[in-house]
**Q** 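Attaching a single structure in structure tokens format; questions to follow.
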Amino acid sequence: MNGSIHKAFHVARDAFRAQLWPLPIAGVVLAVLAGVLLPHIDSSVDGDLPGWLDALVFSGDPGASRTVLDAVASSLITVTALTFSLTVVTLQLASSQFSPRLLRNFTQDLFVQVTLALFLATFTYSLTVLRVVRSSAESPSVAFVPRLAVTTSFLLALASVVGLVLFLAHLTRQIRVETMLRNVHFDASVTASTNLPKRSVDSPPEPPRPSQPAMVSVASSGFLVHVDQGKLVRLADSLDAVISLDREPGEFLVVGTPLASYWRRGGGRITDPDDVAKLRKGVHKAVDIGPERTAAQDVGYGLRQLSDVVNKALSPGINDPTTAVHALGHTAGLLVELMRYQLGATTLTGDKDVPRVILAKPTFEKCLDSAISQPRKYGTSDPMVAASLYQLLWGLACNAPSQHQMAIADQLERLQTSIAGEAFDDVERANFTMWHREVIATLLRQQDGDDVDPTTDTPAPHS
């Protein structure tokens, strides 16, 4: 139950962070409330402030207070427009230079959201306070200067100036490719730790599947972004059924294609029309289909983003193999992390530990192929990228348990085949041959049970 709550929280947080507007809107609402309440507090404590505080707060007349509030409001709306412009330019740069899949990472940036909220809140607050300033010429009996409120506007303006400086520094750091790759790697690691069981955890056995189970079709086209696992388990328990969700989060679903299959726990078919209708409706409610992939439950999304960066860097218009090498390094690190988890289909149990739901999850073979198949196709003509692909496979071989070694060996042979068709000189081919042999030797050592620490005991080949 705690795991389900944690996963639901992770999904909700990812959906909230992907929106750029909630925090700025919240800042505007709070600013309006503060702009209404603080003048009331001003009127109640006017003349009763301690001496030290009275000397610090704003002491100007209504004209001066209006000048301050007007200057703060007008300057902050200009700064806000500048901030939005810089953010849009950054999004365009990330999309064209690296990958459109990285835009979601920028909109999730909490620092950007808080900065925009501060600027809009300062602007809104100053306008709200401005409406209550009254001079003696306008109303001789009720002339009013909200000293505390005007002082607060001044302090918010100072905070906004500091925020603008920090925002520019933050934006400069965020558009660096190393920062983007690190953020993608971190988000993918969080997704894996949230949605995958540890490799050492024994998964319940998969219940027997009939030869022709009944199917549930996709209701609308889009990406499978979220699966409510608890809802599926409760549904299967209530009908004494087994549900197999045959599509993974991150897959694009086409309406009318198979989504899930179901059968009675004993292997028979569910024939009651009410039960069938309840099950189909329940499965559709348990899955969310959206217009884009997200990192909430999509284990392979981070690998897709890293692979896109590699492909973009290797395109003729960009021609940046160094970025491709850096991205492949993060890819290797992420694949090693995925080895620590139980990949492939997962069985969930219901009441009395009865197997109820089979969830499709990516296998290691699929993750590995998704991560390096396109870089291998586009990058093997560059000796630095080709060597990085060998190093990636060597790093995986140093950490690979027995069930993943065949996938690594298969990718090694495919890489060797791709390299054979490229025009390299003898020195470069000798280097590739050395890497090829080292990967094979490392796999053989792993097969023999030599569980050495690759960071200390496994020798690294000389490039």
Side-chain angles (χ1 to χ4, degrees), residues 90-107 174-189 191 223 248 250-252 291-295 298-338 362 364-396 407-408 410-424 428 432 435:
T90 302
L91 295 177
Q92 291 176 335
L93 175 65
S95 176
S96 60
Q97 187 77 15
F98 303 111
S99 168
R101 255 67 60 186
L102 293 179
L103 296 185
R104 190 177 181 90
N105 296 65
F106 280 97
T107 57
Q174 289 300 103
I175 62 176
R176 286 165 28 197
V177 66
E178 290 81 5
T179 303
M180 297 184 206
L181 295 176
R182 181 199 62 195
N183 292 341
V184 170
H185 190 162
F186 175 79
D187 288 343
S189 298
T191 301
F223 289 99
E248 305 168 8
E251 283 193 67
F252 190 89
E292 62 176 339
R293 296 175 70 173
T294 71
D298 188 352
V299 176
Y301 187 48
L303 291 172
R304 178 72 270 158
Q305 289 175 300
L306 292 173
S307 180
D308 281 352
V309 173
V310 175
N311 299 336
K312 198 78 167 181
L314 295 174
S315 64
I318 305 298
N319 195 24
D320 183 12
T322 302
T323 293
V325 170
H326 291 177
L328 287 173
H330 283 277
T331 300
L334 183 54
L335 286 170
V336 169
E337 292 179 26
L338 289 178
F364 178 76
E365 291 79 5
K366 182 177 180 179
C367 290
L368 179 58
D369 188 68
S370 173
I372 68 173
S373 60
Q374 288 182 331
R376 184 184 66 244
K377 178 178 178 61
Y378 301 128
T380 48
S381 60
D382 186 285
M384 188 167 61
V385 176
S388 295
L389 289 171
Y390 276 111
Q391 293 175 40
L392 182 151
L393 294 175
W394 175 72
L396 297 181
I408 298 172
D410 176 66
Q411 290 291 341
L412 178 64
E413 294 308 313
R414 295 172 68 181
L415 176 59
Q416 186 74 358
T417 301
S418 299
I419 293 293
E422 300 294 339
F424 293 114
E428 291 167 340
F432 299 150
W435 276 111

**Q** For Leu303, does its backbone N or O pair with a side-chain atom of Ser307 as donor and acceptor, under 3.5 Å?
**A**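 No, the answer is negative, given that no donor and acceptor are paired below the 3.5 Å cut-off.
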
**Q** Would you say the side-chain atoms of Gln305 pair up with the backbone N or O of Arg101, donor to acceptor, closer than 3.5 Å?
**A**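 Side chain of Gln305 to backbone of Arg101: a pair is present.
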
**Q** Identify the two heavy atoms, one from Ala327 and one from Val309, that lie closest to each other, and give their separation to 0.1 Å.
**A**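 Taking Ala327 first and Val309 second, the nearest heavy atoms are CB-CG1, 4.2 Å.
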
**Q** If you round to the nearest 0.5 Å, how far is CG of Asp369 from CZ of Arg414?
**A**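 Here the rounded value is 5.0 Å.
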
**Q** Output the distance between atom CG (Asp187) and atom CG (Asp298), rounded to the nearest 0.5 Å.
**A**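 Reported to 0.5 Å precision, the distance equals 12.5 Å.
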
**Q** Closer than 4.0 angstrom, basic N to acidic O: yes or no for Asp308 and Arg304?
**A**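 Salt bridge present between Asp308 and Arg304.
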
**Q** Restricting to non-hydrogen atoms, name the atom on Thr380 and the atom on Phe424 that form the minimum distance, rounded to 0.1 Å.
**A**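 Minimum heavy-atom contact is O-CZ, 2.8 Å.
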
**Q** What are the two closest non-hydrogen atoms of Glu365 and Ala407, and how far apart are they?
**A**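 Nearest heavy atoms, Glu365 then Ala407: CG-CB, 3.5 Å.
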
**Q** Could you tell me whether the side chain of Leu335 reaches within less than 4.5 Å of the side chain of Leu392, counting heavy atoms only?
**A**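 They are in contact (side-chain heavy atoms under 4.5 Å apart), so the answer is yes.
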
**Q** Rounded at 0.5 Å granularity, tell me how far CD in Gln97 sits from OG in Ser315.
**A**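 It is 8.5 Å, given to the nearest 0.5 Å.
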
**Q** Has the side chain of Thr191 got a donor or acceptor atom that lies under 3.5 Å from a matching backbone atom of Ala295?
**A**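 Yes, Thr191 side chain to Ala295 backbone: donor-acceptor pair under 3.5 Å.
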
**Q** Could you give the distance from NE2 (His330) to CG (Leu181), rounded to the nearest 0.5 Å?
**A**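 The NE2 atom of His330 sits 5.0 Å away from the CG atom of Leu181.
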
**Q** Kindly say whether Ile175 contributes a backbone atom to a donor-acceptor pair with the side chain of Thr179 at under 3.5 angstrom?
**A**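 Checked: no pair found.
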
**Q** When you look at Thr323 and Ile318, which way does the side chain to side chain contact (heavy atoms under 4.5 Å, CB included) test go after all the steps?
**A** CA-CA 10 Å; Thr323 293; Ile318 305 298; over 6 Å; no

**Q** So which heavy atom on Val385 is nearest to which on Pro321, and how close?
**A**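 What the structure gives for the nearest pair is CG2-CB, 4.0 Å.
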
**Q** Which heavy-atom pair separates Pro375 from Leu389 by the least distance, and what is that distance?
**A**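 Nearest heavy atoms, Pro375 then Leu389: O-CD1, 4.1 Å.
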
**Q** Taking all heavy atoms of Asn183 and all of Gln174, pick out the closest pair and write down the distance.
**A**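 Of all heavy-atom pairs spanning Asn183 and Gln174, the closest is ND2-NE2, 3.5 Å.
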
**Q** To the nearest 0.5 angstrom, please state how far the OG atom of Ser381 sits from the CD1 atom of Ile419.
**A**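 Atom-to-atom, Ser381:OG and Ile419:CD1 are 9.0 Å apart.
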
**Q** Could you tell me if the side chain of Ser189 sits less than 4.5 Å from the side chain of His185, heavy atoms only?
**A**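 The answer is yes; the side chains approach within 4.5 Å.
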
**Q** Between Lys312 and Ser99, is there a side-chain heavy-atom distance shorter than 4.5 Å?
**A**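 Not touching, per the 4.5 Å side-chain cut-off.
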
**Q** Within the side chain of Ser370, is there an N or O that forms a donor-acceptor pair under 3.5 Å with the backbone of Cys367?
**A**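 Not at all, since once roles are kept as given, no pair shorter than 3.5 Å links the two residues.
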
**Q** Using the ring of each side chain (for Trp, its six-membered ring), is Phe252 parallel, tilted or perpendicular to Phe223, with breaks at 30° and 60°?
**A**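 Rings of Phe252 and Phe223: perpendicular, over 60°.
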
**Q** Using the side chain to side chain contact (heavy atoms under 4.5 Å, CB included) definition, which of the options Leu396, Thr417, Leu393 pairs with Leu412?
**A**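 So, applying the side chain to side chain contact (heavy atoms under 4.5 Å, CB included) to Leu412 and each of Leu396, Thr417, Leu393, only Leu393 qualifies.
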
**Q** Do Met384 and Thr322 come close enough that some side-chain heavy atom pair is under 4.5 Å?
**A**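 A side-chain contact exists here, since the closest heavy-atom pair is under 4.5 Å.
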
**Q** Can you measure from CD1 (Ile372) to CG (Leu306) and round to the nearest 0.5 angstrom?
**A**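 Rounded to the nearest 0.5 Å, the CD1-CG separation comes to 13.0 Å.
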
